[in-house]
Amino acid sequence: MMRLLAFSLHAHEYLEFAQGLSNDDEADLWQKDLSNLIELWIDVGLPDEKFIRKACGRANQVIVYCYGGRVVDTWFAQNNSQFDRLKNLTVLNIPIES
């Protein structure tokens with residue numbers, strides 16, 4: 001459901017579902033330009049900080065949609081200092097009530 005929400009929010013003719021569910025090296029969604037460069041990388045959930053850092057190196061913009069209540073707060077607190085260095089990263093917390 002969160003992947004569909006992210007897809008809807010970032011609708012673009014080149015946005016597509018990637019193999020993020022089964023392949024750790026890919027996003028859940030991504031948008032590539034005509035030369036196959038990744039313009040937008042979208043992940044859903046609580047990905048590992050190293051994975052996010054790698055995504056930021058590969059894409060122009062990275063967005064992570066987090067959900068899960070207090071678990072997200074703990075995850076963000078543990079990784080916030082690393083996230084501050086990644087200027088092309090946006091982390092959005094979707095409230096559990098939503």
Side-chain angles (χ1 to χ4, degrees):
M1 184 171 70
M2 291 301 295
R3 287 171 183 78
L4 288 174
L5 173 65
F7 188 86
S8 298
L9 292 172
H10 299 278
H12 187 277
E13 67 179 304
Y14 297 125
L15 183 65
E16 61 186 14
F17 289 94
Q19 299 296 318
L21 286 173
S22 60
N23 185 343
D24 289 340
D25 280 346
E26 289 193 15
D28 291 323
L29 299 159
W30 57 21
Q31 177 182 318
K32 294 182 178 182
D33 66 12
L34 295 175
S35 64
N36 213 28
L37 294 175
I38 304 169
E39 294 177 334
L40 176 62
W41 180 296
I42 300 173
D43 264 324
V44 174
L46 302 173
D48 184 73
E49 179 270 331
K50 291 178 185 178
F51 179 74
I52 294 173
R53 207 168 355 118
K54 185 176 178 180
C56 287
R58 293 179 61 192
N60 292 340
Q61 181 183 11
V62 176
I63 301 173
V64 178
Y65 285 93
C66 304
Y67 60 95
R70 292 180 188 219
V71 176
V72 174
D73 296 335
T74 303
W75 172 82
F76 190 77
Q78 290 172 344
N79 295 294
N80 189 33
S81 62
Q82 291 88 354
F83 292 165
D84 281 343
R85 294 185 228 147
L86 305 171
K87 301 303 177 196
N88 60 335
L89 173 65
T90 302
V91 178
L92 302 168
N93 184 4
I94 307 301
I96 201 161
E97 299 83 29
S98 297

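Nothing here was measured: the structure is a model prediction, and the numbers come from that model.
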Is a side-chain donor or acceptor of Asn88 paired with a backbone partner of Ala59 at a separation under 3.5 angstrom? yes

Check the pair Asp28, Asp43 against side chain to side chain contact (heavy atoms under 4.5 Å, CB included), reporting the backbone distance first and the verdict last. CA-CA 5 Å; Asp28 291 323; Asp43 264 324; 3.3 Å; yes

Nearest 0.5 Å, please: how far is CD1 in Ile94 from SG in Cys66? 8.5 Å

Spatial distance of atom CG (Leu89) from atom CZ (Phe83) [nearest 0.5 Å]: 6.0 Å

Write out all pairs satisfying side chain to side chain donor-acceptor pair (under 3.5 Å) with one or both partners inside residues 46-65, taking only residues at least two apart or from two chains. His10-Tyr65, Asp25-Lys54, Glu49-Arg53

Looking only at heavy atoms, which two atoms of Gln82 and Leu86 are closest? And how far apart? O-CG, 3.7 Å

Of all residues at least two apart in sequence or in a different chain, which pass the side-chain hydrogen bond (donor to acceptor under 3.5 Å, both in side chains) check with Ser81? none

Residues Ala27 and Ala18: closest non-hydrogen pair is O-CB, 2.9 Å

Looking at residues at least two apart in the chain, or sitting in another chain, which of them share a side-chain contact (heavy atoms from CB on, under 4.5 Å) with Ser35? Asp33, Leu37

Under the side-chain hydrogen bond (donor to acceptor under 3.5 Å, both in side chains) test, residues paired with Tyr67 that sit two or more places apart: none

Side-chain cluster (under 4.5 Å, hydrophobic types only) that Tyr14 belongs to, other residues: Leu34

Which residue pairs satisfy the salt bridge (charged side-chain N to carboxylate O under 4.0 Å, His left out) criterion with at least one member in residues 62-87, sequence neighbours excluded? none

The side-chain contact (heavy atoms from CB on, under 4.5 Å) partners of Phe17 (sequence neighbours excluded) come to Arg3, Leu4, Phe7, Leu29

For Glu39, check side-chain hydrogen bond (donor to acceptor under 3.5 Å, both in side chains) against everything at least two apart and list the hits. Gln31

pair Val91-Trp75: side-chain heavy atoms closer than 4.5 Å: yes

